[in-house]
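Residue numbers start from 1 in every chain, and the chains themselves are labelled A, B, ... in the order their sequence lines are given, proteins ahead of strands.
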Amino acid sequence: MRLHLQIWRQENSSAPGRLVKYTLDDVSGDSSFLEMLDLLNEQLVGKGEVPVVFEHDCREGICGACGVMINGQAHGPSARTATCQLHMRTFKDGDTIQIEPWRSVAFPVIRDLMVDRTSMDRIVQAGGFISVRTGSAPEANLTPVPKGDSDEAFDAAACIGCGACVAQCPNGAAQLFTSAKVGHLNILPQGQPERYQRAAGMVARMEAEGFGSCSNYRECEAVCPKGISVDWIARMNRDFLLARLKGL
Amino acid sequence: MEMVATSRPANWFLAFYRSALGKKTVMALTGIVLFGFVFMHMAGNLKIFMGAEAFNHYAEFLRAAGEPILPHGVGLWMFRLVLLTCVALHITAATQLTLQNRRARPIAYKCLDPVQLGYAERTMRWSGYLMGIYIIYHLLHFTVGTAHRDFIAVNPYHNVISAFQFWPVAAVYIVANLLLGMHLYHGLWSLFQTLGCNHPRYNPWRRVFAVTFSIVVTAGFLSVPIAVLSGLVS
C-alpha cells in the first residue's frame, strides 16, 4: 500500500522542529509500524538523506522504548499495543499518518521522534526499590503472599515505562506510571517497610520533574499498552495522603 | 553534596498544599462540602411545590438557623463564610493546577486525538469558571436582589416566580444547571480517585453514585424554572 507520512523532524533538543512529508510505496500490511519506518529510512539513506531517528529495542512490546504519537494517539489506534506491535494492516492504502514524538516538559526531544525519558528513571530512584539483606537467597516460601495480591502486583509490574500515559494525558501527567511503580511494591509484604516513604518520595520526584497533575481523564489507561488500571492512581493517592498524615 | 534542610516545615498545611496532590485533595474535600450544599439547596427549592407559605417559611428558617444560641442571621453568615471559603479554595487550586498542567507541555501536539475523553471531562474547567460567574449573578439576583426586576426581600416565593416567568432568565438557570450537572458528574467520580477510595468490590458504585446524584441534583434544580415556565407553579 501507499502511505503519506508526516513525520516530526528535529535536529537536536534546542533546534526548532517541523513536520516533513514523505510518500512511501509498497508497504506490506504484514509489516510492523517500525518496519515501515525502517523501509522509509532505507530509502532516505539510499537518497543520501538523514534517516528518521526513532527509539526501539525488543520490538515485541516488552522493553518500552518505541513509543511515538501516531495520528494523535500514543502507540497508534490499536488498544493494548505498543508501536512495535502495531501492524500496518491497521491502515488503508492512501492513508496519511502523522507521527510526532511524546510531548512533555520532562521528555525533551533528543532528535526527531526520540525523547529523553530519564525523568522516569529518577522517579523510580526516588523509591521504586525495597530493602533486602544481601547474601544467599532466602527460602522462597519464607514470606507468604496472598495469591490475589501477587496477581495484582504483577498487573502493575507489567508497566514497561514507555511514557504513553504521559504522552496521551491532556495534562501531561505521569500519575499512571508512578502509581504502577509505587503500587507493585506497596501491595506486597516485601514493600511494606518503605511503603509511605516510597509514596511520598516518588510523588515528590514526579512533581519536581514538571509533570502535570491528574484530572481523572483516564486517557492514560486507554492508551497503556499493558492495560494498567487507573485504580493504581487511587491507591497511590491514598498512600501519599497517609504518608503526609504520618508527617513523611 | 548539597545540604538539604530536614527540619519539619513551619506550616504543615502549606507544605501539603504546595504539592499538586495536596491541591487535588483540597479540591476533593471542598467539592464534597459544595456538593452537600447544592444537594440541600436543591431539596429546599422543591418546597416551592408546597406553596408560597411553605417556601417563604423555609427561607425564614434559614435566616433564623442557629437561634437562640446565635443571634438572628449569624448562623446563616457562618454557613455562607464556610461556603465562600470552599469556593475560593476550589477555584484557586483548580487555577493553579491548570497553570501547572500548561507548563507540563510547553510544545503542543500538532494533533492530539483523545481516545475516550467525555464531554463532561473536556468542559470541566469551563463549566467551573462559568459556574463561578453564574453564582455571582445568582446571588445578585435572588439574595441581594439588584439583578432582579421586581425584588421583594421578604417574599422569596414571589421573587422566584416573577423571575422565571421571564423566559430568558429561566433559560440562563436551565443552562447553568445543566453545566452544574456535568461538573458534578465528573467531580463526584473524581473525588473518590483523588482521596484514594478504591476497592474492587465498591468501585462500580462510584460511577453509579456520580450518575445518580448529578442527575438528581440537576433534575431537582431544573424542575423549578420548568414548572414556572409551564405554568405549573404561579
So, [X] and [Y]: side-chain donor and acceptor under 3.5 Å apart, yes or no?
X        : Y        : result
B:Arg206 : B:Gln193 : yes
A:Asn12  : A:Arg111 : no
B:Thr30  : B:His90  : yes
A:Asp155 : A:Ser229 : no
A:His75  : A:Thr81  : no

Below 4.5 Å, heavy-atom pairs only: which of B:Gly22, B:Gly196, B:Ala20 has the largest tally toward chain A? B:Gly196
Most chain A-contacting option - heavy-atom pairs closer than 4.5 Å, from B:Glu121, B:Gln100, B:Gln116, B:Met124: B:Gln116
Hey, are the side chains of A:Cys214 and A:Asn216 touching, using non-hydrogen atoms and a 4.5 Å cut-off? yes
Taking the cut-offs as 6.0 angstrom to the six-membered ring centre and 45 degrees off its axis, would you call B:Arg105 and A:Trp102 a cation-pi pair?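 Judged by the rule, B:Arg105 and A:Trp102 form no cation-pi pair.
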Contact part of [X] toward chain B, heavy-atom cut-off under 4.5 Å: side chain, backbone, both or neither?
X        : value
A:Glu219 : both
A:Pro101 : backbone
A:Ala167 : both
A:Gln175 : side chain
A:Phe240 : side chain
A:Gln168 : both

Could you tell me which portion of [X] (side chain, backbone, both or neither) has an atom closer than 4.5 angstrom to a non-hydrogen atom of chain A?
X        : value
B:Thr194 : both
B:His199 : neither
B:Ala108 : backbone
B:Lys110 : both

Answer yes or no: does atom CZ of A:Phe154 have more than 12 heavy-atom neighbours from other residues, nucleotides or ligands under 6.0 Å? no
When A:Val230, A:Asp239, A:Leu242, A:Ile233 are compared by non-hydrogen pairs under 4.5 Å with chain B, the top option: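 With the most close heavy-atom pairs to chain B, the winner is A:Val230.
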Below 4.5 Å, heavy-atom pairs only: which of A:Ala74, A:Ala79, A:Cys169, A:Gly17 has the largest tally toward chain B? A:Cys169
Distance in Å, A:Phe54 CZ paired with A:Leu113 CG, rounded so as to fall on 0.5 Å steps: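 Result: 8.5 Å between the selected atoms.
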